[in-house]
Trainee: 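To start, I am sharing the structure in question, which I have written as structure tokens.
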Amino acid sequence: MVWTLFTIAIFVMGISMGAASVSIDRIIPILLGDGSFKESFVLFSVRLPRLFVLAAAGMALALAGAVLQGVARNDLADPGIIGINSGAGVGITLFYLLVGGDLPHFAYVLPIVGFASALLTALLIYFFSYKRNVGVQPIQLILVGVGVASALAGVMMILISSAERRDVQFIAQWLAGNVWGTDWPFFWALLPWLVLGIPFILYKANVLNVLAMTEPTAVGLGLNIERERLQLLVVSVALAAAAVSITGGIAFIGLMAPHIAKQLVGPRYQFFLPLTLLIGASLLMLADTIGRVAISSATVPAGIVVACIGAPYFLYLLRKND
């Protein structure tokens, strides 16, 4: 309940703050149609679509992180850290260069492109983490993912060095996590992925609880570990890829949101997954709002704001789990 109110407060703050401010006491009258042309334009065409996109992307990234942590049995797993976001980024960048930068006309195609490239990356990580007669080792999955992420970062540098100057700016903004898909079509492009992914993962909450146990215990309970891991991995990749295809390379949301939720309501997936969705949405909306108002003459990408918070949090978790 408290975090729901906190999320609503961040949403209202995101609407009212920015270069063209909207007074809080004017929000409801504008929503009811009693606003000037400028107020209605700012609210319905600028702020609301941006915040809905941020909320949807934050939910997707947070849920993907929660699933990856369960599949890998590692609290440090995150789509950005193990290379999933980078895989989607390479695919989106190649697609951007192919269509000559005309991405707004391909809003509904971008999540599919991101998913295809991220899935190839995930399968590559899964392949190199798999050992015959042993299966996938969680620690190996994380280490291989970090290595693949580094390799993909090199691929992005090659793409930047070979791209035209006008294209370099978009790629650099994507890498920084500068939210660029802020119109309604991008929200509608994200929505189906959430509608399909969220119920499936909530349905698999008990499976995730079992996967969090030791492997002999999970096998003893009749769980097909490799099949369940693969299914959950594909769905988490789909959610993360759909999000970053619109928002850019934002990491650490999937790391922080599940941990905060666990600290508030405990480690059972049935309890903390719904809260993880709210926390992911609020964190990304808050980061974007801070980035828009922190410096009056410029906009700090949301990915940089999140990284400033998430990197120390990652080091804290690394120290805690040592």
Side-chain angles (χ1 to χ4, degrees), residues 53 56-72 74 77-99 103 106-130 136 141-159 170-171 174-177 179-181 186 189-194 196-198 200-201 229-255 280 284 303 306:
V53 166
M59 289 181 181
L61 289 170
L63 200 58
V67 172
L68 284 176
Q69 288 169 17
V71 168
N74 191 312
D78 173 82
I81 295 172
I82 70 169
I84 303 302
N85 291 0
S86 298
V90 170
I92 294 295
T93 300
L94 290 172
F95 185 75
Y96 172 82
L97 297 174
L98 179 66
V99 300
L103 288 185
F106 295 93
Y108 297 94
V109 179
L110 289 176
I112 299 173
V113 173
F115 172 60
S117 55
L119 183 61
L120 287 175
T121 304
L123 291 176
L124 182 67
I125 295 170
Y126 194 88
F127 174 77
F128 283 107
S129 306
Y130 186 87
V136 173
L141 185 72
I142 299 295
L143 294 176
V144 172
V146 172
V148 171
S150 300
L152 290 173
V155 173
M156 290 293 281
M157 291 302 104
I158 293 173
L159 292 175
F170 170 81
I171 300 173
W174 193 96
L175 288 171
V179 181
W180 60 275
F186 294 101
L190 271 176
L191 190 60
W193 299 80
L194 290 171
L196 294 174
I198 291 175
F200 177 82
I201 291 175
R229 275 181 177 164
L230 192 57
Q231 288 179 355
L232 288 165
L233 181 63
V234 169
V235 176
S236 64
V237 166
L239 288 170
V244 300
S245 67
I246 305 300
T247 62
I250 295 177
F252 296 113
I253 293 290
L255 176 72
L284 192 51
V306 172

Trainee: Starting at CG of L152, measure out to CE of M157 and round the result to the nearest 0.5 Å.
Mentor: 11.5 Å

Trainee: Please report the closest heavy-atom contact between L110 and F186, naming both atoms and the distance.
Mentor: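 So the minimum-distance heavy-atom pair works out to CD1-CE2, 4.1 Å.
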
Trainee: Would you name the heavy atoms of I82 and I142 that are closest together and state the gap between them?
Mentor: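 In terms of heavy atoms, the two residues are closest at CG2-CD1, 3.8 Å.
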
Trainee: Considering only distance and modelled atom types, tabulate donor-acceptor pairs under 3.5 Å from the side chains of residues 235-246, sequence neighbours left out.
Mentor:
residue : atom : partner : partner atom : Å
S236    : OG   : L232    : O            : 3.2
S236    : OG   : L233    : O            : 2.8
S245    : OG   : A241    : O            : 3.4
S245    : OG   : A242    : O            : 2.7

Trainee: If you round to the nearest 0.5 Å, how far is CG of L61 from CD1 of I84?
Mentor: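 Between I84 CD1 and L61 CG, I get 12.0 Å after rounding to 0.5 Å.
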
Trainee: Can you name the side chain to side chain contact (heavy atoms under 4.5 Å, CB included) partners of I198, sequence neighbours left out?
Mentor: L63, L194, L202, L277

Trainee: So which atom in I171 and which in L159 form the shortest heavy-atom distance, rounded to 0.1 Å?
Mentor: CD1-O, 4.5 Å

Trainee: Drop me the distance from I158's CD1 to T93's OG1, to the nearest 0.5 angstrom.
Mentor: 12.5 Å

Trainee: For the side chain of S117 and the backbone of G87, is there at least one donor-acceptor N/O pair under 3.5 Å apart?
Mentor: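 Checking the backbone N and O of G87 against the side chain of S117, a donor-acceptor pair under 3.5 Å is found.
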
Trainee: Nearest heavy-atom pair of A77 and A72: which atoms, and what distance?
Mentor: CB-CB, 4.4 Å

Trainee: Return the CZ to OH distance between R229 and Y126, rounded to the nearest 0.5 Å.
Mentor: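 Between R229 CZ and Y126 OH, I get 7.0 Å after rounding to 0.5 Å.
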
Trainee: With sequence neighbours excluded, what pairs up with V144 under the side chain to side chain contact (heavy atoms under 4.5 Å, CB included) test?
Mentor: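 Per chain and number, V144 pairs via side chain to side chain contact (heavy atoms under 4.5 Å, CB included) with I125, F128, S129, Q140, V148.
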
Trainee: So do the side chains of S86 and T121 get within less than 4.5 Å of each other, counting heavy atoms only?
Mentor: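 A side-chain contact is absent here, since even the closest heavy-atom pair is not under 4.5 Å.
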
Trainee: Between atom CG of L196 and atom CD1 of I201, what is the distance when rounded to the nearest 0.5 Å?
Mentor: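 Between atom CG of L196 and atom CD1 of I201 there are 11.0 Å.
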
Trainee: Taking all non-hydrogen atoms of both residues, which atom of T247 and which atom of A57 are closest, and how far apart?
Mentor: CG2-CB, 3.4 Å

Trainee: Hey, could you give me the CD1/CG distance between I250 and L284, rounded to the nearest 0.5 Å?
Mentor: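 Result: 4.5 Å between the selected atoms.
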
Trainee: Of all heavy-atom pairs between D78 and F252, which one has the smallest distance, and what is that distance?
Mentor: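 Smallest interatomic distance, heavy atoms only, reads OD2-N, 3.4 Å.
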
